[in-house]
Amino acid sequence: MGVDKPRTSLPLFDEGGRSYEHPLYDKLLSMPGLSVGVAPLDRLLTWGLTNSLWVFPMATSCCGIELMAAAASRVDLDRMGTFYRGTPRQGDVMVVAGTITVKMAPRVKRLWEQMPEPKWAIAMGSCAISGDFYRDLYPVVPGIDTFLPVDVYIPGCPPNPESLMAGLLELAAKIRSEQGKPLTAPVQKTGGLVATKPSIARIGDPERDPSLSDQQMEAASRAAESPVARPAEELEMPPVPETAPGTVAAPPTFAPELVELFQAHGVVDFPKDAPPVVPLARHVALARALVERGYKQLVYVVASHWLAGKGRSGNVAGGPEHHEVAYGLRTVGPKRGAEGGSKLAWWSVRVEAGGAAPTLAHVIAGADWQEREQWDLVGVRFSGHPDLRRLMMPDDWSGHPLRKDYPADAHTAPWR
Amino acid sequence: MSALLRGFVYGLLVVNAVLLTSAVNIWFERKFSARMQSRVGPTRVGPLGLLQPFADVAKLMSKEDTVPASGNRVLFTAAPLLATVCALAAAAVVPFTPDVVAADLDVGVLWVLAVGSITTIAIFMAGWASNNKFALLGGMRSIAQAVSYEVPLVLSAMVPVVLSGTMSLSGIVTWQSEHLWIAAWPLIPGLPAFVIFFLAMTAEANRIPFDIPEAESELVAGVTTEYSGMKFALFYVGEYAHTLVGSAIASALFLGGWSGPMAATMPWLGLVYMVVKTLFLFFMITWVRWSLVRFRSDQLLAICWKWLVPISVGLVLVAALWVELVPGVH
Amino acid sequence: MITTIGFGLLAALLVGSALYVVRATNLVHSVLGLGVTLSITALLYALLEANFVAGVQVLLYVGGVVTLMIFGVMVTRRHDGIVVRSDSANEVRGLLGGGGIFVLLALSILESDLPSSPVGPAPSTASLASELLGPHVVAFEALSMLLLAAIVGAIVIARRRDFGEPRQDLVTRARAAREALRVEALRAEAEAPSPEPAASDAAEPPRADEALPSTDGSVPAQEASS
Amino acid sequence: MTLTTCLLLASALFSVGVYGLLTRQQLVAVLVSVELMANAANIVLVAFSHFTASPLGQVFTLFALAITVAEVAVGLALALLLYRTHASSRLDAAKEMNG
């Protein structure tokens, strides 16, 4: 059981910055006599640009709500000629509002590339600026300036609409300050995430800003030294309680009419606060029987990963490494109130390392994506699954981030 | 030859006036929608933000002009031109005063309807040449809508034609100056026909509540999804020009055009009447746009085929009966 | 003079666009080219002082027929297959047929004695109307019946949904093909060296009776792959 | 512009339509070619109407236009049907009889 290696074959940093220049523009400016006409024209175009900044909203989370509020009454971005266009072709400013994950980042990058020049990017909110407290989470991009040339940062969590307006005014001032200079654009590279140089020096990052004070530096290095999370192997768990397994009496929380069915499918123990464990061989048959009894809605499929010697009830000496996959099914129907209501049946299966759980996708259609998610994140295999692909993580991701042996500080993104 | 020259000069005037008015109408609509939503609207450019459309155009001029790599370059470029030209070509036969009309065709109404029907092809071309699924869906919706609404549009436009006995727009206006507005006098075919023409014209111009070809919540930006820069500006202005010219034609067909008190003696007053009526209709469209929500596709077609078409057929019959039975119509 | 130049220009454009229509490899281009051809024909009508017919031509042909045809092309194609390569299988047959007919027609036209200028003033739209609704009113009414019948017939033909077999076959085949693809991908993935060992015998593979469709009616992967 | 040139133009158009009819396989493409031929016939009618100063030609053109619309409606319905039953709009696909 080897630890998945974080992927390393990703594009390098690009420190090029703004180096692209429109060839025709310089040629025009160098022609004698033209500069007289070009200057007012440039002023006119700058006037148009600064007063008609159409926003292409890239809203992924709570900042998006503030983004919407900014266009509504009371703040009204339309006062300065700004409104939102749903297509990148007609946007001038991409406002990235919200956390960007590793899977989302290539899409953001592609949308950015689809915007016509000249274009600007605004990072709105802590997550877009730096990743904020999701920063060290495995799927989160620590700030969009790792792959977009950001022009204006709007701090806040989330920033209020007035801040967004102030940011847009800042951007207009920036555009105005660039008036008369040759039109430049950042180098565009195709494929993967091409990182630009982060414009905010990050505390704790190797590239520190010399302007930071000593105190800040010290605090930052202390923070950097303390591990993000302890490796899973060190986690202490309480020992397994001595109560002998095999007590048939089901707790009152378990639906009484199902006890017999579960026993018929090889369940010997009904723990009080955990799902009963069903042998793998009877797993699908039990699910089918439950479906026939009206338990038709798949509420959850939750898998957990246990290292050798660990189990769901504590340390198990000599216990094998395994996954435990819990399923919950619910009745659906018109009955309501005390007599009817929705009833829940739950159970789990143990999948030893290297094994696979038979899929329920053919019994309950909804199991398809849920099992995909569990495979993607926890790494439990489902045999016979029609479409076992990555769901949450990028397609080329390797490893399963919620496995216990996944390095807690594994920096899987290229900018780490 | 002088007729050609006159047509050229008037055409140039009319085109520029329509485009300028469209630009101002964009400003008006933004201010108006802001008022409807407790907002303020553009304030920063010019007095009351009046220069906002011009700032937009200045910006769009400086934007990169993108053409989808797998799209069809020729059709992609031709589509916004065709759409705008069709909208402006219809303005050629609009009588602004008894004298100011670029081309007084004897089949003016037919010309307007024929040119208007080509706009659909332009929109479809845009959608197809973009090679974008949203644009294509918008184009297909546009065709379904335009083919349907063409029918009540033509039929309701036939009511003034039947009543006045001419297909020339200035002839129809002259008839109304001798009688009354068609929307008012033979009240029964007149007023419903006006309402139907107005609705169908709104649908042809793809304005809310008939804007399913560019339903933003479903289709990103509809057929204009892939358009940027000046090509998008052409669509943007062209849509307003289309609406404006449609309003002008509706007011000429049903609201008496330049006719009004003292218009016969003072031609400039006729121009004022015409402009006021046109802008009033445009204002109505804007008002409807910011008050109503969008119809579903099936509702849109159901309204057309189950209500507007049968009613307008009946209206044409009533108009014919009116001409036959009431003395002094012709 | 202007008429002659205009006619020559229109004729050249007309024949050129018609050639484009029949030669275009893309069906949508072909239909749009037809629209251009018909618009130029309308201009020709205007040159022949038939304004009303020109207007009807644009309204009906360009606005109606071409639009309908575009719609027809779109609904008979799936989204990615809009580019329809229309093949010119029998080039020789076409050239012989078209060329032969043209030669025959041209010879007979050139042999005939035809007037070179109008014998009188062009007919007005009013005379057109009185002709249409006077002597030819029966044909006019019959035509409206024809149109009605054609529309009803078109709806009946196009709306029939009970073709059953071929269509369902398509759907079932598509679904089976998709399932087979997925199973194939899964198998390839299981065989490829992965960080974890491949699925072993510890987990019981779903038995055949377990794999039958139950509630959702989806096709089980085992059947689809066979 | 004489009647002869008009007729020559119409016959050229007609021949182009025949060429398309004989070379094309797609049902919609065949419909397009038929449209071209009908259009040529209409040109003849309008030309005769102009040079004989009689409205009859234009009247028949209007009739022909309406008939063409009917033809296209039915033809497109057939194309749709062909596509549904044979998953293709090629005329070859419709060779077999189906009761």
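Every chain is numbered from 1 and lettered A, B, ... according to where its sequence line falls, protein lines coming before strand lines. If you're wondering where the values come from, they're calculated on a predicted model, not measured in any experiment.
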Minimum side-chain heavy-atom gap [X]-[Y] below 4.5 Å:
{"X": "D:Leu62", "Y": "C:Val56", "answer": "yes"}
{"X": "D:Val69", "Y": "C:Tyr61", "answer": "no"}
{"X": "C:Tyr45", "Y": "D:Asn42", "answer": "yes"}
{"X": "D:Leu8", "Y": "C:Leu110", "answer": "yes"}
{"X": "D:Tyr19", "Y": "C:Leu96", "answer": "no"}
{"X": "D:His50", "Y": "C:Leu47", "answer": "no"}
{"X": "C:Val22", "Y": "D:Leu21", "answer": "no"}
{"X": "C:Leu48", "Y": "D:Cys6", "answer": "yes"}

Interatomic spacing from [atom1] in [X] to [atom2] in [Y] - rounded to 0.5 Å:
{"X": "C:Thr41", "Y": "D:Asn39", "atom1": "OG1", "atom2": "CG", "result": "4.0 Å"}
{"X": "D:Glu35", "Y": "C:Met69", "atom1": "CD", "atom2": "CE", "result": "4.5 Å"}
{"X": "C:Ile101", "Y": "D:Leu22", "atom1": "CD1", "atom2": "CG", "result": "7.5 Å"}

Counting only heavy atoms closer than 4.5 Å, note whether [X] contacts chain C via side chain, backbone, both or neither.
{"X": "D:Val72", "result": "side chain"}
{"X": "D:Ser33", "result": "side chain"}
{"X": "D:Leu3", "result": "both"}
{"X": "D:Thr5", "result": "both"}

What residue, out of [options], has the most heavy-atom pairs lying under 4.5 Å from chain D?
{"options": "C:Leu147, C:Val65, C:Thr4, C:Leu143", "result": "C:Leu143"}
{"options": "C:Leu105, C:Leu128, C:Leu132", "result": "C:Leu128"}
{"options": "C:Leu10, C:Val21, C:Val31, C:Leu104", "result": "C:Val21"}
{"options": "C:Leu14, C:Leu19, C:Leu148", "result": "C:Leu14"}
{"options": "C:Leu95, C:Thr37, C:Ile151, C:Val15", "result": "C:Leu95"}

Worksheet item: Can you tell me if CZ on C:Phe140 sees more than 12 non-hydrogen neighbours from other groups inside 6.0 Å?
Response: no
Discussion item. Tell me whether the rings of C:His136 and D:Phe63 are parallel (<30°), tilted (30 to 60°) or perpendicular (>60°).
Written reply: perpendicular
Practice prompt. Return the option, out of D:Thr61, D:Thr68, D:Val74, D:Leu65, with the maximum number of heavy-atom pairs under 4.5 Å with chain C.
Written response: D:Leu65
Response to the item:
Counting heavy-atom pairs under 4.5 angstrom with chain C, the leader among D:Val46, D:Leu13, D:Val18 is D:Val46
Fill in: Shortest non-hydrogen contact between D:Ala73 and C:Ala154, atoms and distance
O-CB, 3.7 Å
Discussion item. Using every non-hydrogen atom in the two residues, find where D:Ser11 and C:Ile109 come nearest and quote the distance to one decimal.
Written reply: OG-CD1, 3.9 Å
Discussion item. So for C:Ala149, is it side chain, backbone, both, or neither that comes closer than 4.5 Å to the heavy atoms of chain D?
Written reply: neither
Worksheet item: Quick one: what part of C:Leu44 sits under 4.5 Å from any heavy atom of chain D, side chain, backbone, both or neither?
Response: side chain
Worksheet entry | C:Phe7 vs D:Leu9, side-chain contact (heavy atoms from CB on, under 4.5 Å): CA-CA, chis, key distance, verdict | CA-CA 10 Å; C:Phe7 179 79; D:Leu9 173 62; 4.1 Å; yes
